[in-house]
2 protein chains.
Amino acid sequence: MTKPRVSELTASRLSLYLRFLNQLEDGETAMVSSRAMADSMGATSAQVRRDLASFGEFGVRGVGYEVKQLRAELERILGLDQTLHVVIIGAGNLGHALADYPGFGGGGLKVVALFDVDPDKVGNETRGGIPIYHLDDLESLAAGKVDVGIVSVPAEAAQGVVDCLVAAGIRAVLNFAPVRPRVPQGFRCKSVDLTLELESLSFFLSLQELTEGDDPPLAGAAAERSAG
Amino acid sequence: MTKPRVSELTASRLSLYLRFLNQLEDGETAMVSSRAMADSMGATSAQVRRDLASFGEFGVRGVGYEVKQLRAELERILGLDQTLHVVIIGAGNLGHALADYPGFGGGGLKVVALFDVDPDKVGNETRGGIPIYHLDDLESLAAGKVDVGIVSVPAEAAQGVVDCLVAAGIRAVLNFAPVRPRVPQGFRCKSVDLTLELESLSFFLSLQELTEGDDPPLAGAAAERSAG
DNA sequence: TAGATTGTTAATCGATTAACAATC
DNA sequence: TAGATTGTTAATCGATTAACAATC
């Protein structure tokens, strides 16, 4: 029916709009303008209107958007009106941290289980009471019941784990290992690459050093160490 | 001297090129072509050449790039030839997980301390032996000695913590709280927003449901639940 | 020379924004 | 009606890619 050819960037912004509306709801604001939404996150009002308009006509010309209604529309568009069931593969530090991450409670996301191959971990549960199963049981336990898999295993194991998730019919994967796993057509694997993020910051710091050069308002720590 | 007007996307790809070269080094490959690098990560060879060429002429026409040399150049460009000192604010689950994250050891990144405000945590150390100090001592302990701050505190506390980091002269911040903190000009705050990432996956799953409609090769879990 | 591959220019593509008619 | 704000078109901007002269 609708043909939503929408970029990943747009999708992220939709989440941010929703987040803004949720904060607003407390304050009992009835209507909101594209400008108000834009200002709250440093975008242009045209971008907000265009993002929203690609899914329908949610506003009233000359007036704005009704907060409650727009909130409901965004939740529907993002699929947050249904609770997503999440499994986490890898019950290490990161896996435990993610399992008990408070941010996941809201917004229709529920971590239902962790999986690992370490016999010492299997059979236990997280502090939050989420059970830890053996990876071998993923397919039988998860088939048809799980929407998202989170991969928090070492880089070497990541592709194998992703293959398991695919085999279990889990079409959306969030990967924390510093690799780009391959997934078949129709599946989605988004990588959150912490090493990459830090290297990107490192790059930013190098640029600063070069750019500042003559008149550093705040001397870089690394620069000071090598000079000192 | 050089005027590196380079997008964030380019910077990320530079890290991926370096990662590929590091894997290669094991195999004793002497030369590498832009095509080989591109294929390894699903990019075009033109993009690889353009990315590299914006920093200098590292290749030899008709031949390719010398692996060892290109690796050194990329490390220099990314600033990974210097060890970056990292502090983590927030010694919760996520903070501990990041502190002991093995991926950070390589590539010139070193977590030197955690900070928290919880008296039960301050004075202890992580399993990996990294000390936990009180946030009040950040400025005196860190000034001039720290390059990157990682924020792993609840959303409400994030802006305050970022302000502390800025006050301590730490110009690069990696934020894990689901907010967009403000930083002054010349500072950089990159946010890794786990809630946003999951909502983006949720959006992908909704799209799938709509798109497939008639002939689902693998029925969605959420769809099955609401149908069943 | 023939074959290969770079660095770079010009063309293409996609995303953002300015501007405005439509509408309350 | 006058003022405001949407939805959308056209212009702009930036990033990617195709193509090719330069070079080994």
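What you see below is based on every heavy atom in this structure, not just the backbone, and it leaves out hydrogens, waters and symmetry mates. Chain letters run A, B, ... following the sequence lines, proteins first, then strands; residues in each count from 1.
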If I take atom [atom1] in residue [X] and atom [atom2] in nucleotide [N], what distance separates them, rounded to the nearest angstrom?
X        : N       : atom1 : atom2 : value
Leu70(B) : dG7(C)  : CG    : C1'   : 14 Å
Glu73(A) : dG7(D)  : CD    : C1'   : 15 Å
Leu52(B) : dT5(C)  : CG    : C1'   : 13 Å
Phe58(A) : dT23(C) : CZ    : P     : 19 Å
Phe55(A) : dG7(D)  : CZ    : P     : 14 Å
Glu66(B) : dT5(C)  : CD    : C1'   : 16 Å
Glu57(B) : dG7(C)  : CD    : P     : 6 Å
Arg35(B) : dA4(C)  : CZ    : P     : 13 Å

**Asked** Quick one: on DNA chain D, does Val63(A) or Ala46(A) contact a more 5' nucleotide (nearest heavy atom)?
**Response**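 Closer to the 5' end of DNA chain D: Val63(A).
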**Prompt:** Within a reach of under 6.0 Å around CZ of Arg76(A), are more than 12 heavy atoms found that belong to other residues, nucleotides or ligands?
**Reply:**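 Yes - once you tally the heavy atoms of other residues, nucleotides and ligands closer than 6.0 Å, there are more than 12.
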**Request:** Kindly check if the number of other-residue, nucleotide or ligand heavy atoms within 6.0 Å of CZ (Arg35(B)) is above 12?
**Result:** no
**Asked** What's the spacing between Thr195(A) OG1 and Leu109(B) CG if we round to 0.5 Å?
**Response** 7.5 Å
Between [X] and [Y] (side chain of the first, backbone of the second, donor and acceptor by atom type, cut-off under 3.5 Å), is there such a pair?
X         : Y         : result
Ser191(A) : Asp193(A) : no
Arg19(A)  : Pro178(B) : yes
Ser202(B) : Leu78(A)  : yes
Asn93(A)  : Ala97(A)  : no

Do the side-chain N or O atoms of [X] get closer than 4.0 angstrom to the phosphate oxygens (OP1, OP2) of [N]?
X        : N      : answer
Arg49(B) : dG7(C) : no
Ser34(A) : dT6(D) : yes
Tyr65(B) : dG7(C) : yes

**Asked** Would you say the side chain of Arg61(B) and the base of dG7(C) hold a donor-acceptor pair, judged only by whether the two atoms sit under 3.5 Å apart?
**Response**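 Answer is no: no donor-acceptor pair is held.
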**Prompt:** Does Arg188(B) pair with Glu8(B) as a salt bridge, N-O distance under 4.0 Å?
**Reply:**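 Answer for the salt bridge query: yes.
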**Asked** So what stems show up for DNA chain C if we need 3 or more Watson-Crick or G-U pairs in a row, all under 3.5 Å?
**Response** C:3-24 with D:3-24
Sub-3.5 Å pairs of nitrogen or oxygen atoms, protein against nucleotides 12-16 of chain D:
unit_1	atom_1	unit_2	atom_2	d
dT16(D)	OP1	Arg13(B)	NH1	3.1
dT16(D)	OP2	Arg13(B)	NH2	3.2
dT16(D)	O5'	Gln47(B)	NE2	3.1

**Request:** Just do the side chain to side chain donor-acceptor pair (under 3.5 Å) check on Gln47(A) and Asp51(A) with the steps written out, would you?
**Result:** CA-CA 6 Å; Gln47(A) 181 159 72; Asp51(A) 284 344; 5.1 Å; no
